[in-house]
Amino acid sequence: MKKKLIKGLSLVEILIVISIFAVIGLLSTRSVFLTLRGAKKSDSLVRVRENINYSLAVMERQIRSAQSVTCPNLSPTVLDYVSIEGSQTSFSCTLTGSDRYIASGSARLTSNDVSLLSCNFSCTQDDINTPPVVRILLEATDSQITSVEAGTVTAQTEIVLRNY
């Protein structure tokens with residue numbers, strides 16, 4: 001009688017194959033998580049950047065056409081100006097508490113999704129014949145995300161008033 005040889009895999013070979021697949025699975029899972037984290041951070045940065053750019057655009061439009069600007073001496077977070085219509089108004093930054101935002105008069109310029117980290121208004125005027133130059137520095141972060149995925153944006157601009 002002939003004996004048939006039964007071929008199979010040894011326990012060591014099976015353990016090696018399982019270990020290789022486990023390492024490949026672990027690496028691919030890690031790669032997917034890093035990709036998702038990067039996408040969340042990118043979305044967060046876009047949201048914060050859009051909010052800050054909108055706020056700067058509103059402030060730039062109003063300040064550029066203002067009749068006059070009162071340079072902040074005591075509080076660099078408040079900028080008073082006289083609008084083209086002649087009304088006294090201001091831009092202010094609220095940097096205390098959990099709700100931190102930029103306001104125009106009493107209207108909020110940044111959304112609830114964004115929290116202001118720092119805000120600074122400054123202005124200079126070389127002499128009475130030159131228009132004032134207003135500098136605005138803002139730093140904000142995404143208030144909806146508290147992990148490393150939260151985007152932080154710093155923006156600054158320099159605005160020269162029109163000479164009327």
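We use all heavy atoms of the structure for the numbers below, so side chains are in, but hydrogens, waters and symmetry mates are not.
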Original post:
Does any pair with a residue in residues 92-103 pass salt bridge (charged side-chain N to carboxylate O under 4.0 Å, His left out), and if so which ones, sequence neighbours excluded?
Top reply: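 Salt bridge (charged side-chain N to carboxylate O under 4.0 Å, His left out) check on residues 92-103 returns Asp99-Arg108.
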
Between the side chain of [X] and the main-chain N/O of [Y], is any donor-acceptor distance below 3.5 Å?
X	Y	result
Gln67	Ile84	yes
Ser87	Ser83	no
Gln125	Thr130	yes
Ser118	Leu138	no
Glu13	Ser10	yes

I'd like to check [X] versus [Y] (side-chain heavy atoms, cut-off strictly below 4.5 Å). Are they in contact?
X	Y	value
Leu116	Thr94	no
Val153	Glu139	no
Val48	Thr152	no
Pro131	Arg162	no

Original post:
Do Ser143 and Ser115 have side-chain atoms, one donor and one acceptor, less than 3.5 Å apart?
Top reply: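 Note: Ser143 and Ser115 side chains miss the donor-acceptor criterion.
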
Results of side chain to side chain donor-acceptor pair (under 3.5 Å) for [X] - residues two or more places apart only:
X	result
Thr77	Ser75
Ser111	Asn51
Glu158	Arg135
Gln156	none

Do you reckon [X] sits in the same ILVMFWY cluster as [Y], going by side-chain contacts under 4.5 Å, direct or chained?
X	Y	answer
Tyr101	Ile136	no
Leu117	Ile145	no
Leu79	Ile159	yes
Leu56	Tyr54	yes

So, taking the atom named [atom1] in [X] and the one named [atom2] in [Y], what distance separates them when rounded to the nearest 0.5 Å?
X	Y	atom1	atom2	value
Glu50	Asp113	CD	CG	11.0 Å
Ser55	Ile102	OG	CD1	4.0 Å
Ser44	Gln144	OG	CD	9.5 Å
Ile63	Ser65	CD1	OG	9.5 Å
Asp142	Lys40	CG	NZ	11.5 Å
Leu45	Ile52	CG	CD1	12.0 Å

Original post:
Which pairs pass ring-ring contact (aromatic ring centres under 6.0 Å, His included) with one or both residues in residues 120-149, sequence neighbours excluded?
Top reply: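 Pairs touching residues 120-149 that pass the test: none.
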
Side chain to side chain contact (heavy atoms under 4.5 Å, CB included) with [X]: which residues, sequence neighbours excluded?
X	answer
Thr89	Tyr81
Ser92	Val78, Ala103
Asn120	Pro76, Leu137

Please tabulate, one pair per line, all N/O donor-acceptor pairs under 3.5 Å involving side-chain atoms of residues 24-33, not counting sequence neighbours.
| from | atom 1 | to | atom 2 | distance (Å) |
| --- | --- | --- | --- | --- |
| Ser28 | OG | Ile24 | O | 3.1 |
| Ser28 | OG | Gly25 | O | 3.0 |
| Thr29 | OG1 | Gly25 | O | 2.7 |

Original post:
Do you know the tightest heavy-atom contact between Met59 and Leu109?
Top reply: CG-CD1, 4.1 Å

Subject >> Closest contact, heavy atoms only, Ala150 versus Lys41 >> reply: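 Taking every non-hydrogen atom into account, O-NZ, 3.7 Å.
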
**OP:** Using the test salt bridge (Lys or Arg N to Asp or Glu O under 4.0 Å), find all partners of Arg61 that sit at least two apart in sequence or belong to another chain.
**Re:**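 For Arg61 there are no salt bridge (Lys or Arg N to Asp or Glu O under 4.0 Å) partners, ignoring immediate neighbours.
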
Subject >> Pairing residues for Glu60 by the salt bridge (Lys or Arg N to Asp or Glu O under 4.0 Å) criterion, not counting sequence neighbours >> reply: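 So Glu60 forms a salt bridge (Lys or Arg N to Asp or Glu O under 4.0 Å) with Arg64.
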
